[in-house]
Amino acid sequence: FSLTGINLPTTLKSIGDLAFTECSEIKTMYIPINCQEIGKGAFCLTASLTEFTVNNLNQYFVAIDGVLYNKNKTTLIAYPSKKADKSFDVPDSVKNIADYAFYGADLLESVNMFGVENIGAEAFSDCSLLAAVNLSLTLETIGENAFVNCPKIRRIGIPDSVLSIGEHAIGYEY
């Protein structure tokens with residue numbers, strides 16, 4: 001699907017699960033003032049996405065350096081798949097990595113997580129260059145397929161704090 005741009009109305013309140021999946025030409029995504037809910041994987045496989053921006057008056061979401069978070073920055077919702085950074089340090093305030101948050105971020109080579117407690121399903125799936133992952137010592141759950149199709153990862157240290165690891169969480173390939 002070659003949608004290259006989209007203007008979301010200011011009245012928009014919700015973006016559903018997988019809403020912009022495979023909109024391969026969109027480079028930036030603007031979250032309007034009244035948007036209150038963003039579904040799981042709403043932007044996964046948006047292959048050209050380089051940044052998110054959010055209306056300054058939006059009470060539910062914020063973008064920092066092009067990455068989308070909930071307003072209080074406790075959940076990282078989406079990392080743009082074509083963001084040029086090779087490494088990323090998840091801010092200390094983030095406790096949750098949402099389902100599909102980094103899905104297909106194929107320029108990313110390393111991620112450091114310091115305060116993360118939960119990694120959602122397919123959160124890092126299809127990150128083809130991701131080789132280094134430093135998990136938080138407070139991590140409790142790793143969701144299903146969290147690190148699927150990450151062929152460069154050779155080793156992940158699972159901290160003692162982890163209570164649950166989902167099906168095919170690490171190393172499984174479709």
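As the structure is a prediction and not an experimental result, all values here were calculated from the model.
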Exercise. Can you list the steps and then say if F52 with F43 is a ring pair (Phe, Tyr, Trp, His ring centres under 6.0 Å)?
Worked result: CA-CA 10 Å; F52 289 94; F43 309 104; 4.9 Å; yes
For this session: Is it possible for you to say whether L12 and I26 belong to one hydrophobic cluster, with membership spreading through side-chain heavy-atom contacts below 4.5 Å?
Result: yes
Seminar exercise, completed: The reported gap from CZ in F20 to CG in L8 (rounded to nearest 0.5 angstrom) is 5.0 Å
For this session: Look at atom NZ of K152 and say whether more than 12 heavy atoms of other residues, nucleotides or ligands are closer to it than 6.0 Å.
Result: no
Problem set entry | Same cluster (ILVMFWY, side-chain, under 4.5 Å), I15 and Y30 | no
Seminar exercise, completed: To the nearest 0.5 Å, atom CD of E109 lies from atom CG of L129 at 5.5 Å
Exercise. Does the side chain of P91 reach to within under 4.5 Å of the side chain of Y69, using non-hydrogen atoms?
Worked result: yes
For this session: Walk me through it: do V116 and L135 pass the test side chain to side chain contact (heavy atoms under 4.5 Å, CB included)?
Result: CA-CA 8 Å; V116 173; L135 298 176; over 6 Å; no
Exercise. Rounded to the nearest 0.5 Å, how far apart are NZ of K71 and CD of Q36?
Worked result: 13.0 Å
For this session: Determine the interplanar angle of the F102 and Y79 rings, folded into 0 to 90°, and report it as parallel if under 30°, tilted if 30 to 60°, perpendicular if over 60°.
Result: parallel
Seminar exercise, completed: Output for pair (I33 CD1, I31 CD1), nearest 0.5 Å, gives 13.5 Å
For this session: May I ask you to check whether S125 and N149 show a side-chain donor-acceptor distance below 3.5 Å?
Result: no
Problem set entry | Positive for side chain to side chain contact (heavy atoms under 4.5 Å, CB included) with N112, one of V90, D89, V133 | D89
Problem set entry | Side-chain (N58) to main-chain (Y60) donor-acceptor, under 3.5 angstrom | yes
Seminar exercise, completed: Looking only at heavy atoms, the pair that brings P32 and P9 closest together is CG-O, 3.5 Å
Exercise. Is S136 reaching over with its side chain to a backbone N or O of F114, donor-acceptor style, under 3.5 angstrom?
Worked result: yes
Exercise. Which atom pair, heavy atoms only, marks the closest approach of G115 to K95?
Worked result: O-CD, 3.4 Å
For this session: Might you confirm whether atom CG of D65 has over 12 heavy atoms from other residues, nucleotides or ligands at distances under 6.0 Å?
Result: no
Exercise. How far apart are the C-alpha atoms of M113 and I119, what are their side-chain angles, what is the distance that settles it, and do they pass the side chain to side chain contact (heavy atoms under 4.5 Å, CB included) test?
Worked result: CA-CA 10 Å; M113 298 178 231; I119 296 174; 3.8 Å; yes
Exercise. In the single-linkage hydrophobic clustering (I, L, V, M, F, W, Y; side-chain heavy atoms under 4.5 Å), do I64 and V94 co-cluster?
Worked result: yes
Exercise. If you round to the nearest 0.5 Å, how far is CG of N96 from CD of E140?
Worked result: 10.0 Å
Seminar exercise, completed: The side-chain hydrogen bond (donor to acceptor under 3.5 Å, both in side chains) partners of N72 (sequence neighbours excluded) come to N70, T74
Problem set entry | Whether over 12 other heavy atoms sit under 6.0 Å from K40 NZ | no
For this session: Indicate the atoms forming the closest heavy-atom contact of L139 with N118, along with that distance.
Result: CD1-N, 3.9 Å
Problem set entry | Enclosure of Q59 CD (heavy-atom neighbours >12, cutoff 6.0 Å) | no
Problem set entry | Partner of K83 under side chain to side chain contact (heavy atoms under 4.5 Å, CB included), chosen from V67, L107, L49 | V67
Seminar exercise, completed: Heavy-atom nearest pair, A42 first then G16, reads CB-O, 3.6 Å
Exercise. So, the side chain of D106 versus the backbone of S128: is there a donor-acceptor pair under 3.5 Å, distance only?
Worked result: no
Problem set entry | Same apolar cluster: I77 and L18, side chain cutoff 4.5 Å | no
For this session: Using atom types as modelled and distance alone, determine if a side-chain donor or acceptor of S48 lies under 3.5 Å from a backbone N or O of K27.
Result: no
For this session: Measure the shortest side-chain to side-chain distance between L68 and V54 over non-hydrogen atoms and say whether it is less than 4.5 angstrom.
Result: yes
Exercise. Which atoms form the tightest heavy-atom contact between A98 and A123, and what is the distance?
Worked result: O-CB, 3.8 Å
Problem set entry | Shared hydrophobic cluster for L130 and I158 (ILVMFWY, side-chain gaps under 4.5 Å) | yes
Seminar exercise, completed: Here the gap from K13 atom NZ to T11 atom OG1, rounded to the nearest 0.5 Å, amounts to 8.5 Å
Exercise. Would you find a donor on one side and an acceptor on the other, under 3.5 Å apart, between the side chain of N34 and the backbone of T10?
Worked result: yes
Seminar exercise, completed: Shortest non-hydrogen pair, A169 vs G143, comes out as CB-O, 3.5 Å
